[in-house]
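Inspection log for the structure reproduced underneath, given as structure tokens.
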Amino acid sequence: YRYLLILFLLNVIPLSSQETKREFSVDFRMNSIKIDTLYNDNSQIIKELKEYISTLSQDTTIIISDLSLSAFASPDGTKTINTRMVRGRLNAIENLVLNNIDIPDSIITRNEQHLSWRDLEGLIQESNLYRKGDVLTIIDEILDLESKNTPYNRSVLKLKALENGNIWEEIDHRFFNKMRSASVIFSTKEKEIVNQESVQKDSTIVVIVEKELAIEDAAVVPVKIEEEMIIDTNISSMTSKSEIVPMTEDEIGDWHQGL
């Protein structure tokens, strides 16, 4: 027997959806890893975050595909202190989120961002800070000492002393204030939906089986039976029909060689 199997299953294609992102960011006081609702706009941000999480929890058509957590610290502290600040702030923003919604750890990414004096230098270069040139000169000193693993506390004190501390206060307010932060980015998308109409329409599977008849007399022109089975996956049924048809010349030659 020779069998030829042909399967057709058409147009069962899931509908794709576009991923969207939503970010929330909270600020921290100097040397603090606690999210203070009375600080800056934290109270409003936390309210909006909880409302967004509530919406996600109730909407069964949306899934969270990724959760990105990041925490930052300003460069004015030591590396040891800043590492502790970053990790503490990262834990704080993570707890804020996970206390309000269950998210598998497999889709969570955590980023510890250690902002540097070089980052501050770039921000100041783009600003209109008073005595900007003097500030940048001192920051260059700090960067040079830092590259040599040499303490730069005196240079920081020099920066803090400019204009009786007023410039340092402005730097703290305009730049450090936003560097001491943590953020969460939700990546969401619609659940994939199978086009049920296409499935109902095109869920028929056609199976064609060819069978050669065993004929004792080689002088008789051989024939074959084509049997077609139609399987409807919607109703779990199968029908078949058979038809005797003559073999082609090529098939007859193959058949004779096999005798």
Side-chain angles (χ1 to χ4, degrees), residues 7-29 32-74 82-115 119 122-123 175-205 231-236:
L7 301 177
F8 296 98
L9 187 59
L10 306 175
N11 294 332
V12 185
I13 302 173
L15 301 178
S16 60
S17 58
Q18 186 175 4
E19 190 174 66
T20 58
K21 296 182 182 293
R22 180 74 185 272
E23 180 176 5
F24 299 88
S25 179
V26 294
D27 298 326
F28 292 83
R29 296 184 185 275
S32 175
I33 60 174
K34 177 184 176 181
I35 300 177
D36 188 346
T37 57
L38 300 179
Y39 185 60
N40 291 350
D41 297 326
N42 284 351
S43 179
Q44 181 63 28
I45 296 298
I46 293 172
K47 178 183 177 182
E48 293 175 1
L49 171 61
K50 291 182 177 180
E51 290 174 350
Y52 178 73
I53 289 176
S54 177
T55 299
L56 289 180
S57 300
Q58 297 174 27
D59 192 341
T60 58
T61 66
I62 299 295
I63 60 173
I64 300 174
S65 56
D66 181 77
L67 185 77
S68 178
L69 303 170
S70 300
F72 309 85
S74 57
N82 282 351
T83 297
R84 187 168 68 248
M85 291 296 103
V86 168
R87 291 177 180 173
R89 290 164 184 173
L90 192 63
N91 289 334
I93 190 70
E94 181 172 352
N95 291 335
L96 175 61
V97 173
L98 298 186
N99 285 341
N100 289 277
I101 188 172
D102 291 328
I103 297 176
D105 192 71
S106 58
I107 66 170
I108 299 177
T109 57
R110 300 169 178 86
N111 307 294
E112 296 183 5
Q113 302 289 339
H114 297 267
L115 298 176
D119 295 319
L123 293 173
F175 307 108
F176 290 161
N177 195 9
K178 291 301 180 183
M179 288 181 171
R180 306 179 187 117
S181 64
S183 67
V184 54
I185 301 176
F186 291 84
S187 297
T188 61
K189 61 182 179 180
E190 292 182 357
K191 287 184 178 179
E192 292 184 345
I193 303 173
V194 175
N195 191 331
Q196 297 295 335
E197 183 178 351
S198 295
V199 172
Q200 294 295 327
K201 178 180 178 181
D202 300 304
S203 58
T204 299
I205 300 176
I231 306 172
D232 191 334
T233 58
N234 293 324
I235 60 176
S236 300

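When reading the values below, keep in mind they use all heavy atoms of this one structure, side chains included, and skip hydrogens, waters and symmetry mates. Remember, it's a predicted structure, so these values are computed and weren't measured experimentally.
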Parallel, tilted or perpendicular: rings of F186 and Y52 (30°, 60°): perpendicular

Short side-chain to backbone donor-acceptor contact, D27 and D41, under 3.5 Å: no

Hey, what do you get for NZ (K34) to CG (N42), rounding to the nearest 0.5 Å? 11.5 Å

Assess the residue pair F28 and F72 against the criterion (side-chain contact (heavy atoms from CB on, under 4.5 Å)); give the C-alpha distance rounded to whole Å, side-chain angles, the decisive distance to 0.1 Å, and a yes or no. CA-CA 10 Å; F28 292 83; F72 309 85; over 6 Å; no

Can you sort out the partners of R180 under salt bridge (Lys or Arg N to Asp or Glu O under 4.0 Å), two or more places apart, ordered by chain and number? D76, D172

Nearest heavy-atom contact between S57 and I101 is OG-CD1, 3.8 Å

Would you sort out whether T61 and K191 count as a side chain to side chain donor-acceptor pair (under 3.5 Å), showing the intermediate values? CA-CA 6 Å; T61 66; K191 287 184 178 179; over 6 Å; no

Closest non-hydrogen atom pair, I33 against M85: CG2-O, 3.8 Å

From CZ (R89) to CZ (R84), nearest 0.5 Å: 10.5 Å

Which atom names give the shortest non-hydrogen contact between V184 and L49, and what distance separates them? CG1-CD1, 4.3 Å

Is the side chain of N95 donor-acceptor paired with the backbone N or O of N91 at a distance under 3.5 Å, no angle test? yes

Separation between CD1 of I103 and CG of L98, rounded to the nearest 0.5 Å: 6.0 Å

When you look at V86 and Q113, which way does the side-chain contact (heavy atoms from CB on, under 4.5 Å) test go after all the steps? CA-CA 7 Å; V86 168; Q113 302 289 339; 5.9 Å; no

Here the pair of heavy atoms bringing N111 nearest to S68 is ND2-OG, 3.3 Å

In terms of side-chain geometry, is the basic nitrogen of K189 or D66 positioned less than 4.0 Å from the acidic oxygen of its partner? no

Under a 3.5 Å distance rule, please check whether D36 uses its side chain to pair with a backbone N or O of L38 as donor and acceptor. yes

Could you give the distance from CG (L67) to CD1 (I185), rounded to the nearest 0.5 Å? 9.5 Å

Carefully, step by step, assess F175 and D119 under the rule side-chain contact (heavy atoms from CB on, under 4.5 Å). CA-CA 10 Å; F175 307 108; D119 295 319; over 6 Å; no

Please name the pair of heavy atoms, one in L115 and one in A73, separated by the smallest distance, quoted to 0.1 Å. CB-O, 3.4 Å

Keeping the roles fixed (side chain from S65, backbone from S187), state whether a donor-acceptor pair exists under 3.5 Å. yes

Evaluate side-chain contact (heavy atoms from CB on, under 4.5 Å) for R22 paired with T188, printing each intermediate quantity in order. CA-CA 8 Å; R22 180 74 185 272; T188 61; over 6 Å; no

With E48, which residues qualify under salt bridge (Lys or Arg N to Asp or Glu O under 4.0 Å), at least two apart? none

Within the side chain of N100, is there an N or O that forms a donor-acceptor pair under 3.5 Å with the backbone of L96? yes

Rounding to 0.5 Å, atoms OG (S25) and CD1 (I93) come to a distance of 7.5 Å

Nearest heavy-atom pair of I53 and V97: which atoms, and what distance? CD1-O, 4.1 Å

If only atom types and distance count, is the side chain of S54 paired as donor or acceptor with the main-chain N or O of K50 below 3.5 Å? no

Rounded to the nearest 0.5 Å, how far apart are OH of Y39 and CD1 of I45? 13.5 Å

